[in-house]
2 protein chains.
Amino acid sequence: MDAIDERLLALLVEDGRASYTVLGDRVGLSAPAVKRRVDRLVADGIVRGFTAVIDQAHLGWTTEAYVEVHCHGTIGPEELRASFAGVPEVQDAATVTGQADAILRIVARDVRHLEDALERVRTRAAAVERTETAIVLSRLVERRAALGTAD
Amino acid sequence: MDAIDERLLALLVEDGRASYTVLGDRVGLSAPAVKRRVDRLVADGIVRGFTAVIDQAHLGWTTEAYVEVHCHGTIGPEELRASFAGVPEVQDAATVTGQADAILRIVARDVRHLEDALERVRTRAAAVERTETAIVLSRLVERRAALGTAD
DNA sequence: CGTGAAACATTTAGAGG
DNA sequence: CCTCTAAATGTTTCACG
């Protein structure tokens with residue numbers, strides 16, 4: 001990971017389909033050299049993969065919410081993971097410090113659909129005591145930056 | 001947006017660098033037909049772009065947190081957006097319903113760095129009254145699914 | 001690690017159903 | 001809206017500094 005790798009990461013975050021030739025022009029290397037570096041970044045796990053960024057709202061999924069999950073008793077992360085993964089509307093889930101046991105980010109078509117997904121979250125994980133939902137009013141920042149390039 | 005477009009979205013979310021030839025084989029179309037469809041999905045804004053997925057932890061950014069921001073008085077979303085965008089560690093920010101005014105997701109190198117970023121969040125937005133931070137213990141789910149394909 | 005050349009594959013515009 | 005063709009580009013391997 002030198003300075004050129006960092007620039008390549010930033011360029012690939014910006015345009016994941018950029019050709020090796022173009023990347024090479026930008027960082028001052030030949031296409032084969034760039035390919036070797038990118039292959040290495042992928043092999044090392046620094047680049048986990050490439051993906052299309054989908055605009056949820058354009059597909060009619062207009063409701064997004066952050067959900068605090070409070071559980072009773074002690075519950076392992078693995079059990080929670082299995083439960084949340086079973087609800088496809090759950091885009092992100094993580095156990096956290098503080099009063100809540102986990103925080104979810106749920107994307108749904110509308111409020112009715114969100115309610116339905118929440119109901120499934122509650123019944124899938126038996127240990128869920130209650131949930132506290134904060135519906136997103138407007139998204140202010142949505143960054144997909146190459147870290148280390150961000151500061 | 002027909003069934004083929006949905007399958008293309010799912011394939012492109014899975015591998016954002018997949019060639020039109022391969023995509024065409026998977027959906028039963030020729031490469032030019034696939035390119036036209038993908039170009040249209042991008043032009044229509046359904047596909048916002050393509051990006052590399054970076055593994056933050058591999059770059060030494062191991063601390064992630066969800067932060068509730070409480071403000072005093074009334075404050076517009078635009079003012080908040082400008083403040084949060086000025087702190088590069090803020091990966092996501094959204095105004096929400098409920099007691100908190102906004103929820104942030106911050107990624108930092110370590111707890112000390114997180115504290116530093118939080119300090120900048122508080123001073124950048126003058127209206128911030130207090131913040132409530134939940135540090136991520138373990139990430140359970142991290143989905144980047146093509147919606148509409150998720151259910 | 002890098003480069004340049006060469007083989008191979010993909011992209012992309014145009015013609016036509 | 002698709003396919004086919006064909007030239008332009010891009011990818012990938014390899015020999016070499």
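Within every chain, numbering begins at 1; the chains are lettered A, B, ... in the order of the sequence lines, protein sequences first and strands thereafter.
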> Is it true that B/Glu142 and B/Arg144 make a salt bridge, defined as a side-chain N closer than 4.0 Å to a carboxylate O?
Replying inline: no

> Under 4.0 Å between a Lys/Arg side-chain N and an Asp/Glu carboxylate O for B/Glu89 and B/Arg105?
Replying inline: no

What's the [atom1]-[atom2] distance between [X] and [N], to the nearest Å?
X	N	atom1	atom2	answer
A/Leu29	D/dT11	CG	P	15 Å
A/Arg26	D/dG10	CZ	C1'	17 Å
B/Asp15	C/dT10	CG	P	13 Å
B/Tyr20	D/dT3	OH	P	16 Å
B/Asp39	C/dT12	CG	P	7 Å
B/Phe50	C/dT11	CZ	C1'	14 Å

> Taking the nucleotide of DNA chain D with the closest heavy atom to each, which residue, B/Ala31 or A/Ala18, is nearer the 5' end?
Replying inline: B/Ala31

The side chain of [X] lies closest to which of these nucleotides: [options]?
X	options	answer
B/Arg36	C/dT11, C/dT3, D/dT3	D/dT3
B/Ala33	D/dT3, C/dT11, C/dG2	D/dT3
B/Thr21	D/dC2, C/dT11, C/dG2	C/dT11

> Within the structure, does a side-chain N or O atom of A/Lys35 lie under 4.0 Å from either OP1 or OP2 of D/dT12?
Replying inline: yes

>> B/Arg37 and side chain to side chain contact (heavy atoms under 4.5 Å, CB included): which single residue from B/Asp2, B/Leu9, B/Val42 fits?
In response: B/Asp2

>> If you assign each of A/Pro32 and A/Arg40 to its closest nucleotide in DNA chain C, which residue comes earlier from the 5' end?
In response: A/Arg40

> Looking across every strand, which nucleic acid part, if any, lies under 4.0 Å from B/Arg17 by heavy atom: base, sugar-phosphate, or nothing?
Replying inline: sugar-phosphate

>> To the closest 0.5 Å, what do you measure between CD (B/Gln56) and CZ (A/Arg48)?
In response: 7.5 Å

